[in-house]
Each structure stands twice: as structure tokens, then as C-alpha cells.
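Here's the structure, in C-alpha cells; my notes come after.
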Amino acid sequence: EITWNTMLNAYICSKNLNEARICFDEMPQRDIVAWTSMVTACVNLGNLDEAKVLFDSMPNKDATSWTVILTAYARSGDILKAHSLFLIMPVKDTVAWNAMLSAFVNAGEMDDAKKLFDKMPIPTTVSWNAMVFGYGRLGQVSKAKEMFDVIPRKNLESWNAMLGVYAQNQGLHQARDLFAGFTYKPDVISWTTMITANANVGDLDGAKSCFHQTPCRNSVSWNAMISAYTHNRLGKEALDFYKEMDIEGIEVDESTLVVVFDACSQIGVLKQSQIAHSHFLNHKCMGC
RNA sequence: UGGCCUAUAAUAUU
């Protein structure tokens, strides 16, 4: 049963829904995990309607399966549907509460989010983190900070979330202070956030310094640095950085292409075509 | 073996 599920997941991971479905149909017995995996697969491939049909035909459902479909509707923008699913699901565990909370948060509905948060039987660090993030999104930095300050057991994500609030609201000095007081070793996300915090107020030297201090730099670090330049209308510097990325053999992703395209629009036509050419070559090798 | 929070880009909202 577990090996069947492992096989099913292998098909799902390779985005091979048809094979997954055949595997699913041929399984001697389909447990709740197999059903939920299939629903998740449909959701992840953007097929919400099919996911709902599958969900409705599940012989039994637990909090996990309800949460999958709830989150799917929330992400599709149908917050009302998500909420009605939340109301009718028979057993709500902490993850389900957090999923509904994030649904409100991502919709920018912080009043609803706060009401739900206050009603949560067992708020977790994830719940507080979501609230911090949500206030920050709306530019309510002080509210975010008040929430952050009362998180009983902060994890690294809590610190990163608060750092992100400052970064997105032009609070470079506050970001620096917070960063200096981290009780965890900053990870690549913390550092990328610091790059953005600097870039958002035009401090490119600061951004570059953070970039160079980043341990285990990944594509996102590079993308952040390239866009630091483009946001400050420095297309040439952005493209120089991209070339460096290319030389270092860092994997280019869709964000890289978008950012570099932006940089191209800031420079001359001749260079644009050269860059476009090398992008094309890189693009052909992606996703292998 | 399946579901929730934090980084870069775009989009939407402001």
C-alpha cells in the first residue's frame, strides 16, 4: 500500500497526471493518502474543478483532505468558498485553522484574519507568522511588530517574516537592527530579504554587501541582486550581474528571465538582441 | 506516503 503510494507520488512529482491516474485506478486499495495525493496533484496542475470532483467522491475525508481543497479555493481567489468549506469540515485541526487564516491574510482581509486568530483553539508559531506577514503586506508595520513581539516561540520564519515587513516598507534601519538581533543563524531567505531591504531604498552597496555575505547563494539571491539594479534603473549593471551568474553556472529560472528582460528594456537595442540570444540558449536547457 | 507561515520576478489588490 505504501509502495503503491510511493509509485503514485513518483508520477505526481513528474507532473504525469495521466500515469498517476492509471496507477491510482489500478491500486488494489486506495487509502485516504492516495486519494488526497490525487486531489493535490489536480490542484497543483491547475485543475481545481477536477480536484473538487475527486474530493467529492472520496469515500472518507480527514482534516488533511479538507485542507487541501480549502487551500486550493483560497489560492484561486474564492475566499468565500474556502470559508464555507472551513465551516462545514467536521474536524478542524491546527493546520486547517492556519490554512483558513492564511486564506484571509493572502486576501488582505486582516480583520477577518484577526477574528479567526482570536478564536483559534491552539494558535501556533505559523499562525503568528501569518499575522505578521499579513499586517506587513498592508503596510501596517507597527501592528506587525506588536504581533511579532508577542510570539511565544519564535522560529526563524518569524524573524524572516518581520524582516520582510521592514524590507517591503522601506524600513532599512529597522531591518538592520532586527537582523543584528536574530536569535537564529540567518539563512539564505534572511539574506535575500536584506538584499531587498537595501535595494528598496536605493542602497545598492548595501545590497551588494549582503549578496556577498550570503552563504549558499541560490538563484533567488542572484535574481534579487539583478532586480536590485533594475529597480534602480541600472540596466547595464543588472546585465553585468546576469553575465556573472551565467559564468558561474547558476541555474536560471523564470524570474531571472523576467528580470533580465526588464534590464534589456533599459539598455540599447543591439545589446538586447545579444542577451536575448544567450537567454534562448539557456532556456532550451532548462527543466532537464 | 497527503494539507498550513517567511526571500527574488510578474500579476492582481492598495
Side-chain angles (χ1 to χ4, degrees), chain A residues 1-10 12-13 31-41 43-44 55 58 61-72 74-75 77 86 89 92-103 105-109 120 123-134 136-140 148 151 154-165 167-168 184 186-197 199-200 207 210-211 214 217-228 230-231 252-263:
Chain A
E1 198 176 21
I2 291 188
T3 52
W4 276 95
N5 282 340
T6 305
M7 206 161 101
L8 182 62
N9 282 328
I12 291 173
C13 283
D31 66 7
I32 195 165
V33 173
W35 277 95
T36 310
S37 297
M38 280 302 292
V39 175
T40 305
V43 168
N44 290 340
F55 174 79
M58 286 179 75
K61 309 173 175 72
D62 61 7
T64 297
S65 34
W66 280 94
T67 304
V68 168
I69 201 73
L70 183 163
T71 302
R75 292 191 180 145
F86 178 73
M89 62 187 288
K92 308 182 214 322
D93 62 9
T94 300
V95 174
W97 281 88
N98 283 336
M100 190 62 234
L101 184 71
S102 290
V105 164
N106 290 324
E109 305 285 355
M120 285 187 72
T124 64
T125 302
V126 169
S127 325
W128 268 281
N129 294 352
M131 292 297 291
V132 169
F133 173 80
R137 254 183 107 255
L138 297 186
Q140 303 181 359
F148 174 78
I151 302 179
K154 296 179 184 63
N155 57 20
L156 177 58
E157 287 79 8
S158 315
W159 288 91
N160 284 343
M162 192 60 225
L163 195 67
V165 171
Q168 283 169 335
Y184 292 83
D187 65 1
V188 65
I189 295 187
S190 326
W191 282 102
T192 309
T193 307
M194 283 305 293
I195 293 174
T196 313
N200 281 349
C210 290
F211 176 82
T214 305
R217 280 189 291 266
N218 59 22
S219 301
V220 177
S221 322
W222 284 84
N223 294 345
M225 200 55 223
I226 297 172
S227 66
T230 60
H231 283 165
V252 170
D253 62 17
E254 292 83 353
S255 299
T256 316
L257 296 176
V258 174
V259 178
V260 171
F261 185 75
D262 198 7

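Below, chain A is the first sequence line, B the second, and so on; all start at residue 1.
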Phosphate OP1/OP2 of C4(B): any R75(A) side-chain N/O under 4.0 Å:
yes
Establish, with yes or no, whether the OP1 or OP2 oxygen of A9(B) is under 4.0 angstrom from a side-chain nitrogen or oxygen of H231(A).
yes
In terms of side-chain heavy atoms, does N5(A) have a donor or acceptor partner in S37(A) at a distance below 3.5 Å?
no
Please give me the minimum heavy-atom distance between A199(A) and A207(A), naming the atom from each residue.
N-CB, 4.3 Å
Quick one: closest heavy-atom pair of R137(A) and V105(A), and the distance?
NH1-O, 3.6 Å
Report the nucleotide, chosen from [options], that has the shortest atom-to-atom distance to any side-chain atom of [X].
{"X": "T40(A)", "options": "A7(B), G3(B), U6(B)", "answer": "G3(B)"}
{"X": "N129(A)", "options": "C5(B), U8(B), G2(B)", "answer": "C5(B)"}
{"X": "V95(A)", "options": "G2(B), G3(B), A7(B)", "answer": "G3(B)"}
{"X": "R137(A)", "options": "A12(B), G2(B), A9(B)", "answer": "A12(B)"}
{"X": "T196(A)", "options": "A9(B), C4(B), U8(B)", "answer": "U8(B)"}
{"X": "S255(A)", "options": "U1(B), U8(B), C4(B)", "answer": "U8(B)"}
{"X": "V188(A)", "options": "G2(B), C5(B), A7(B)", "answer": "A7(B)"}

Inter-residue atom distance L163(A).CG - T196(A).OG1, 0.5 Å rounding:
9.0 Å
Hey, does [X] reach any base, or is it just sugar-phosphate, or nothing, if we go heavy atoms under 4.0 Å?
{"X": "A167(A)", "result": "nothing"}
{"X": "V33(A)", "result": "base"}
{"X": "T6(A)", "result": "nothing"}
{"X": "A63(A)", "result": "base"}
{"X": "D93(A)", "result": "base"}
{"X": "N155(A)", "result": "nothing"}
{"X": "D187(A)", "result": "nothing"}
{"X": "T230(A)", "result": "nothing"}

Whether the side chain of R217(A) engages the backbone of F211(A) through a donor-acceptor N/O pair (distance < 3.5 Å, no angle test) should be reported.
yes
